Amino acid sequence: MAALLAAGVMSLGALSACGSSGGSDSSGSGSGDGLKVGMAYDVGGRGDQSFNDSAAAGLDKAKKDLGIETQESEAVDGEAESAREERLRTFADAGYNPVIAVGFAYSASVAKVAKEYPDIDFAIIDDEEAKGDNIANLVFAEEQGSFLVGAAAALKTKSNEVGFVGGVETPLIQKFEAGYVAGAKAVKPDITVDTTYLSQPPDFSGFGDPAKGKTAAQGMYDKGADVVYHAAGGSGGGVFEAAKSANKLAIGVDSDQYKTVDASLRSVILTSMLKNVDVAVYNYLKSASEGDIPTGVRRYDLKVGGVDYSTSGGQVDDIKSKLDDYKQQIIDGKITVPTKP
Amino acid sequence: MSGGRVRRLLLGAAAPVLALVAAILITSLVLLVAGDPVLDTWSTILSAPRERNVANIINNATVLYLSGLAVAVGFRMNLFNIGVDGQYRIAAFAAAVVAGEAWLPGYLNTVLAIVVAMAVGAAWAGIAGLLRATRGVSEVISTIMLNFISTSLVAFLLRKAAVRAPGSNSINTKEIPEGSRIPGIPFGGGVVEIYGFVVLAVLSGLAYWFVLNRTRFGFDLRATGQSTTAAVASGINVRRMIVIAMLISGAAAGLVGLPILFGDAYSYGSTFQSGLGFSGIAIALLGRNHPVGIGLGALLFAYLNEQSNPLQILVGVSPEIVAITQGVIVLTVVVSYEVVRRYRRRLEQQAVAAATDRPERPAPTEEVAT
């Protein structure tokens with residue numbers, strides 16, 4: 001019940017004074033160098049088997065390896081801007097430093113709250129718009145990883161037709177599409193790439209609706225595609241199911257989905273586009289614990305292992321040399337991958 | 001008679017207090033079953049809000065109040081406008097586009113945008129009104145359907161109208177120029193300002209009270225709501241009233257998103273607050289369609305929303321626990337009003353019996369109007 005006690009102490013602290021973060025270390029549970037990290041998740045939070053989970057994995061690893069203290073909080077769907085701001089302020093007031101905001105929805109609130117707390121460092125994932133001396137923007141070259149899985153799809157297709165299912169048609173997911181299409185066309189210039197999105201912003205249901213994902217993928221398989229790549233978060237499960245019943249292939253996203261899906265669906269997963277949010281979070285915290293806190297834009301691309309493709313399942317073993325060749329060309333700058341479809 | 005008045009006041013306050021206590025008890029039970037710290041949760045929620053939190057509460061309440069008013073206009077006529085959610089979003093989007101384009105200078109631009117928002121909200125609700133008046137389509141069904149259409153339509157149009165800042169992953173309409181924004185009222189440390197729109201919200205409440213209680217139209221509206229047949233008998237054109245009531249409800253709904261638009265966000269985008277229309281239904285029920293009651297309900301909901309925010313960080317309890325409290329309040333308030341009503345009737349019967357000094361008779365079938 002130490003957690004309860006600590007929580008009690010903290011709420012007392014919140015009651016008694018505004019912004020007195022001086023003695024807040026006393027409530028710490030005796031961890032390493034006293035780094036207290038606050039992490040604000042986007043909607044879905046820990047357990048979404050996608051983006052937030054990946055961030056959480058990085059946090060967990062940092063907690064274990066670096067001996068830091070962590071606290072988490074997640075967003076409520078459709079919440080007010082002030083709620084996001086308050087989440088960040090509550091962390092700051094309770095003595096958490098740095099504070100990591102997961103997802104571009106926090107862009108405006110991080111920009112605003114970081115100004116109010118110049119002594120506290122903030123990091124935001126997937127956003128470059130929020131700028132400040134105490135803000136680190138952790139962004140990814142999703143198009144580069146998507147290029148590689150696009151090439152894999154084109155190398156594996158027999159019908160010369162592949163598909164892309166996006167969760168929500170945001171500029172972020174369009175980056176996945178652009179890279180995928182470019183990768184497929186690099187291998188086979190005459191290939192047909194079907195693309196669709198499950199929902200349009202501000203409707204974000206496309207990230208959490210497996211039924212929609214299944215219908216969309218089914219349509220593509222029926223039409224003749226034999227590999228479908230999804231960048232649809234939780235809706236991806238439906239894409240895998242459709243692949244299973246059509247006896248075709250699918251490509252996962254964000255994490256190595258071969259390892260996370262139900263065992264019966266493993267056979268359909270050709271590869272996954274890895275977006276290593278965990279690496280970004282861990283690296284950020286590692287630097288922070290060494291007293292060298294990063295600020296400004298940190299781009300995680302193929303070169304630094306921020307994005308990649310997975311090989312579990314062994315379905316891309318025969319084309320691995322070709323994919324690695326493309327990878328090297330992108331790293332060397334011989335291929336520039338577009339970020340817009 | 002002063003004793004009677006005090007008792008009346010106490011009885012009036014009894015129902016909401018009873019509802020609140022019951023809601024707190026039920027929420028505590030849920031916390032207990034889930035194994036969460038009950039006392040810490042309440043001490044966080046009931047702790048004195050800081051100045052910036054007070055400002056947030058007032059801002060949130062402003063928005064919820066407008067939503068509650070929009071729903072209440074329909075309720076007074078027995079119309080269930082479930083579509084406030086869709087109406088406010090399409091209206092806020094339209095207002096954001098108009099204000100962002102800035103065809104007119106300064107505050108003329110603001111006024112134009114507000115008028116556009118009300119017109120769009122009214123038109124969207126008017127569809128449901130017309131369907132009900134001409135084809136007898138239940139407004140509950142049509143407004144729910146229109147919510148979906150509104151969501152998709154706004155999403156579609158947003159992509160056409162959107163401008164995108166470099167490096168950003170969210171999409172927004174053009175920002176409203178500074179001269180057309182509604183200045184906030186500085187409060188506390190200056191971290192958060194109170195929406196200037198709060199004044200317009202109060203005026204809307206006054207207008208609601210005046211129109212409903214002091215005009216012929218308001219009388220017609222309430223009469224139609226209480227008994228359609230009686231309204232027809234007294235020469236009220238009920239179909240016309242349905243359409244007009246929906247138009248007014250929609251126009252009020254059109255205002256809901258504007259405090260946020262002109263006071264905080266300055267553009268409509270993918271992170272614009274959603275679901276306000278549904279909170280409005282609960283708040284109108286809670287406030288019993290009375291302008292002051294709706295105000296108190298809006299403040300209560302906003303208070304719970306704001307104070308629950310740090311729960312996860314400080315106590316480790318999901319802030320969504322207050323959604324349970326809010327839902328339970330809406331239920332308990334209905335029950336407790338009925339309990340108090342019955343108790344009051346019994347008191348009245350006893351009083352009458354005592355005054356006439358006769359043995360108590362079986363309860364009259366008609367209740368005494370209060």
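In what follows, every chain begins at residue 1, and chains take the letters A, B, ... in the order their sequences are listed. Keep in mind that what you see is a predicted model, and the values were worked out from it rather than measured. Keep in mind that the numbers below use all heavy atoms, side chains included, and drop hydrogens, waters and symmetry copies.
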Looking at [options], which has the largest count of heavy-atom pairs under 4.5 Å with chain B?
options                                   : answer
Ala83(A), Ala108(A), Ser199(A)            : Ala83(A)
Gly38(A), Ser82(A), Ala80(A), Ala105(A)   : Ala80(A)
Gln174(A), Glu79(A), Lys115(A), Glu169(A) : Glu169(A)

Please look at [X] and chain B and tell me whether the side chain, the backbone, both or neither of the residue comes under 4.5 angstrom of a heavy atom of that chain.
X        : value
Glu81(A) : side chain
Glu72(A) : backbone
Arg84(A) : side chain

Report the relative orientation of the aromatic rings in Phe272(B) and Tyr88(B); use parallel for angles under 30°, tilted for 30 to 60°, perpendicular for over 60°.
tilted
Picking from Asn52(A), Asp53(A), Asp60(A), what satisfies side chain to side chain donor-acceptor pair (under 3.5 Å) with Arg46(A)?
Asp60(A)
So which residue, Leu311(B), Asn60(B), Asn309(B), ends up with the most heavy-atom pairs under 4.5 Å with chain A?
Asn309(B)
Anything under 3.5 Å between a donor and an acceptor, one on a side chain of residues 132-142 of chain A, the other on a protein residue two or more places apart or in another chain? List them.
from: Asn134(A); atom 1: ND2; to: Ala114(A); atom 2: O; distance (Å): 3.0
from: Asn134(A); atom 1: ND2; to: Tyr117(A); atom 2: O; distance (Å): 3.1
from: Asn134(A); atom 1: ND2; to: Ile120(A); atom 2: O; distance (Å): 2.9
from: Asn137(A); atom 1: ND2; to: Asp127(A); atom 2: O; distance (Å): 2.9
from: Asn137(A); atom 1: ND2; to: Ala130(A); atom 2: O; distance (Å): 2.8
from: Glu142(A); atom 1: OE1; to: Lys175(A); atom 2: NZ; distance (Å): 3.0
from: Glu142(A); atom 1: OE2; to: Lys275(A); atom 2: NZ; distance (Å): 2.8

Asn53(B) versus chain A, heavy atoms under 4.5 Å apart: side chain, backbone, both or neither?
side chain
Heavy-atom distance under 4.5 Å between the side chains of Ser43(B) and Leu39(B), does that happen here?
no
Charged N to carboxylate O below 4.0 Å: is that the case for Lys112(A) and Glu116(A)?
no
Ion pair check, Arg50(B) and Glu86(A), cut-off under 4.0 Å
no
